[in-house]
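Heavy-atom basis, side chains included; hydrogens, waters and symmetry copies ignored.
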Amino acid sequence: MLVYYSNRYLGGVLDQSIAMQFGKAFRSFNNVKALANEAGYQIRHIDRDSFREDDVLRYHYFAFNAGPFGVDAGGDYNATTESVLESFLKPALQKLRSDPSRLRAFIEAYTADLTGFFGALEALVQSTRTDRASYMLLVVQDLSATLYPMLIRLHLMGWLQQTSSIDSRTLQSLMELVDLRVFKLRGTNPQADVFAITRSLGHTTVEQVVQGLQSFCNKFMPDALLTSRLVSEDLYRNMGLQRILWEEEDQTSLFLQQSPADILELSRLNAAGLSVEHVLPQNPAFDIASYGFKDAEEFEEHKHRLGNLLLLEKGLNSACQNATVESKVTAPTLYAASGLLSVKALAASRVGKPLGYKLENIEARSQSLAQLMLKRWPITA
């Protein structure tokens, strides 16, 4: 379409430039797919057969500032690739075709920005090899699709590592907060609110972006709701669970005056396979009443609570099967064989206890991890 308008209304002057820009964009995309597929660095959102160049084209639509050309972009929150072309790009070109200078400026700006957008995504994915925060955000936490347009645009603007006078954290840290609280733990996808912030990036300040993200969290996942969800709800299949449990691992390392796992160790563990273990097994072959549960229904209500879940290597998780807690914490081939300090710490705290882990322990650990979450990811800081 862009080449057609260049040929028809600009005498083909931009044909070569358009081809060059799209060539660069597609090379960046190929690199993104290869990087996101590498063992230990896999980004689940990107490492899907269904993730195509068209997805990045849509992300760009949400983040492109077409205002200087008198064109509106990013307003359709349910945009598809087809609607981006038919409802945005085509009308924009038709509107500007009677003014060759403005048409040329629009095509040049659009193609250059689109290429930069693809390149910024490549740079962000590449940064998971060198920046632990990026690894946690993209690989471990698997940032939600709705937040990618904002993340990429902030990177292009050089704002991701910026802080503000109203919050000491970087914008990248605040995006981690938003994703974990709202998209993962709350399990909702408020596209309109996110894209409103994204569309404003061309004419806003860092402070205003910070305020927008904080207000977003207060609206969709305030502290009281966060605490309730962490303490009282089933989190076993929640998409934010592994990130929470990794934070427990990091804090355990610091408590023991050891350095948290670096990127190489993180990638090694992820490549080998990590899973979520139930401390009290899902299908116990023992009397649950002895562990503080009044009946099977109460056990079912608690077995997937945060306090009963633990990050563990897949091989060890399989070996644990439905073993009792007492066996898990004493057998040298089970928890003791883990490379994760949080696992060893839990085991050490339960060794010698006649009943290694009870209902009261699930509840206490759920509360402890909830407080850790509030301290680590507060809405304001």
Side-chain angles (χ1 to χ4, degrees), residues 42-46 124 127-128 131-152 154-155 160-161 163 167-191 193-195 197-198 209-252 260-261 266 270 274 276 304-307 309-311 342 365-381:
Q42 288 175 310
I43 300 173
R44 292 184 295 281
H45 173 62
I46 296 174
L124 285 165
S127 72
T128 60
D131 180 60
R132 192 178 191 272
S134 296
Y135 186 95
M136 283 294 185
L137 180 64
L138 298 179
V139 178
V140 175
Q141 194 164 313
D142 193 26
L143 183 76
S144 300
T146 301
L147 291 169
Y148 265 88
M150 189 190 305
L151 182 78
I152 298 169
L154 287 172
H155 177 82
L160 267 185
Q161 303 309 318
T163 59
D167 198 298
S168 60
R169 293 167 294 184
T170 65
L171 285 176
Q172 179 170 321
S173 296
L174 288 170
M175 293 204 68
E176 178 184 68
L177 163 77
V178 164
D179 182 54
L180 188 57
R181 273 186 174 244
V182 178
F183 289 83
K184 298 299 195 298
L185 291 172
R186 179 71 187 272
T188 189
N189 183 20
Q191 291 180 313
D193 297 76
V194 170
F195 291 148
I197 299 174
T198 304
V209 177
V210 170
Q211 288 175 337
L213 294 174
Q214 289 174 341
S215 297
F216 179 81
C217 277
N218 267 318
K219 178 179 180 180
F220 291 102
M221 195 54 146
D223 288 349
L225 181 57
L226 174 66
T227 302
S228 174
R229 184 144 298 191
L230 290 171
V231 170
S232 306
E233 297 191 18
D234 177 344
L235 288 181
Y236 179 46
R237 303 204 181 275
N238 189 280
M239 295 298 291
L241 178 59
Q242 286 213 12
R243 181 66 186 92
I244 296 171
L245 296 178
W246 261 117
E247 188 60 29
E248 179 188 31
E249 173 68 16
D250 286 352
Q251 293 302 320
T252 303
L266 288 169
N270 278 317
L274 288 171
V276 175
H304 295 322
R305 296 273 177 92
L306 182 57
L309 304 175
L310 191 64
L311 198 63
S342 54
R365 184 161 169 266
S366 293
Q367 288 283 356
S368 176
L369 289 175
Q371 291 307 307
L372 171 62
M373 276 286 297
L374 288 170
K375 182 179 179 180
R376 173 63 176 81
W377 288 287
I379 294 178
T380 59

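Not counting sequence neighbours, Asn238 has no partner by the side-chain hydrogen bond (donor to acceptor under 3.5 Å, both in side chains) test. Remark: Arg186 pairs with no residue by the side-chain hydrogen bond (donor to acceptor under 3.5 Å, both in side chains) rule, at least two apart or across chains. Glu233 is linked by a side-chain hydrogen bond (donor to acceptor under 3.5 Å, both in side chains) to Arg229, counting only residues two or more places apart in sequence or in another chain. With sequence neighbours excluded, the residues satisfying side-chain hydrogen bond (donor to acceptor under 3.5 Å, both in side chains) with Asp179 are Gln141, Ser144, Lys184.
Contact check for Arg181 versus Pro222: no side-chain heavy atoms found under the 4.5 Å cut-off. Residues His304 and Val276 fail the side-chain proximity criterion, which asks for heavy atoms closer than 4.5 Å. Residues Thr198 and Pro149 have side chains in contact (heavy-atom distance under 4.5 Å, counting atoms from C-beta outward). Considering only heavy atoms from C-beta on, Leu138 comes within 4.5 Å of Leu151 through its side chain. Looking at heavy atoms from C-beta onward, Cys217 lies in side-chain contact with Val178 at the 4.5 angstrom threshold. Ile379 has its side chain out of reach of Met221: every pair of non-hydrogen atoms, C-beta onward, lies at least 4.5 Å apart. Residues His155 and Ile152 are not in side-chain contact: their nearest non-hydrogen atoms beyond the backbone lie 4.5 Å or more apart.
Here the straight-line distance linking atom CD1 of Ile244 with atom CG of Leu235 works out to 6.0 Å at 0.5 Å rounding. Separating the CH2 atom in Trp377 from the CG atom in Leu226 is a distance of 10.0 Å, to the nearest 0.5 Å. Annotation: the span from Leu185 atom CG to Leu180 atom CG amounts to 4.5 Å, rounded to 0.5 Å. For the atom pair Met373 CE and Leu230 CG, the distance stands at 5.0 Å (nearest 0.5 Å). Expressed to the nearest 0.5 Å, how far CZ of Phe216 lies from CD1 of Ile197 amounts to 7.0 Å. To the nearest 0.5 angstrom, Met175 atom CE is 5.5 Å from Leu143 atom CG.
Of all heavy-atom pairs between Met150 and Leu213, the closest is SD-CD2, 4.0 Å. In plain terms, the two heavy atoms of Gly307 and Arg365 that are nearest each other are O-NH1, 2.9 Å.
Lys219 and Asp193 are joined by a salt bridge, as a carboxylate oxygen and a charged side-chain nitrogen come within less than 4.0 angstrom of each other.
The backbone N or O of Ala224 sits nowhere less than 3.5 Å from a side-chain atom of Ser228 that would complete a donor-acceptor pair. The backbone N or O of Tyr135 lies less than 3.5 Å from no partner atom in the side chain of Thr128, so there is not a single donor-acceptor pair. With hydrogens and angles disregarded, no donor-acceptor distance shorter than 3.5 Å links the side chain of Asp167 to the backbone of Thr380. The backbone N or O of Arg169 sits nowhere less than 3.5 Å from a side-chain atom of Ser173 that would complete a donor-acceptor pair.
Of the options Val182, Asn189, Leu225, a side chain to side chain contact (heavy atoms under 4.5 Å, CB included) to Phe220 is made by Val182 and by none of the others.
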Check your understanding: Can you list the steps and then say if Thr188 with Phe183 is a side-chain contact (heavy atoms from CB on, under 4.5 Å)?
Key -> CA-CA 5 Å; Thr188 189; Phe183 289 83; over 6 Å; no
**Study point:** Verdict with supporting geometry, Tyr148 and Ile46, side-chain contact (heavy atoms from CB on, under 4.5 Å)
**Key:** CA-CA 11 Å; Tyr148 265 88; Ile46 296 174; 3.9 Å; yes
Exercise for review: Apply the test side-chain contact (heavy atoms from CB on, under 4.5 Å) to residues Gln242 and Leu311: give CA-CA distance (whole Å), side-chain angles for both, the deciding distance (0.1 Å), then the verdict.
Suggested key: CA-CA 7 Å; Gln242 286 213 12; Leu311 198 63; 3.9 Å; yes
**Study point:** Residue pair Arg305, Asp234: steps toward the side-chain contact (heavy atoms from CB on, under 4.5 Å) verdict
**Key:** CA-CA 5 Å; Arg305 296 273 177 92; Asp234 177 344; over 6 Å; no
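Every pair passing salt bridge (Lys or Arg N to Asp or Glu O under 4.0 Å) that includes a residue from residues 366-378 is listed here, sequence neighbours excluded: Glu176-Arg376, Glu247-Arg376. The stretch residues 132-149 participates, sequence neighbours left out, in these salt bridge (Lys or Arg N to Asp or Glu O under 4.0 Å) pairs: Arg44-Asp142, Arg132-Asp250.
Side-chain atoms of Ser127 and Ser134 include a donor-acceptor pair closer than 3.5 Å.
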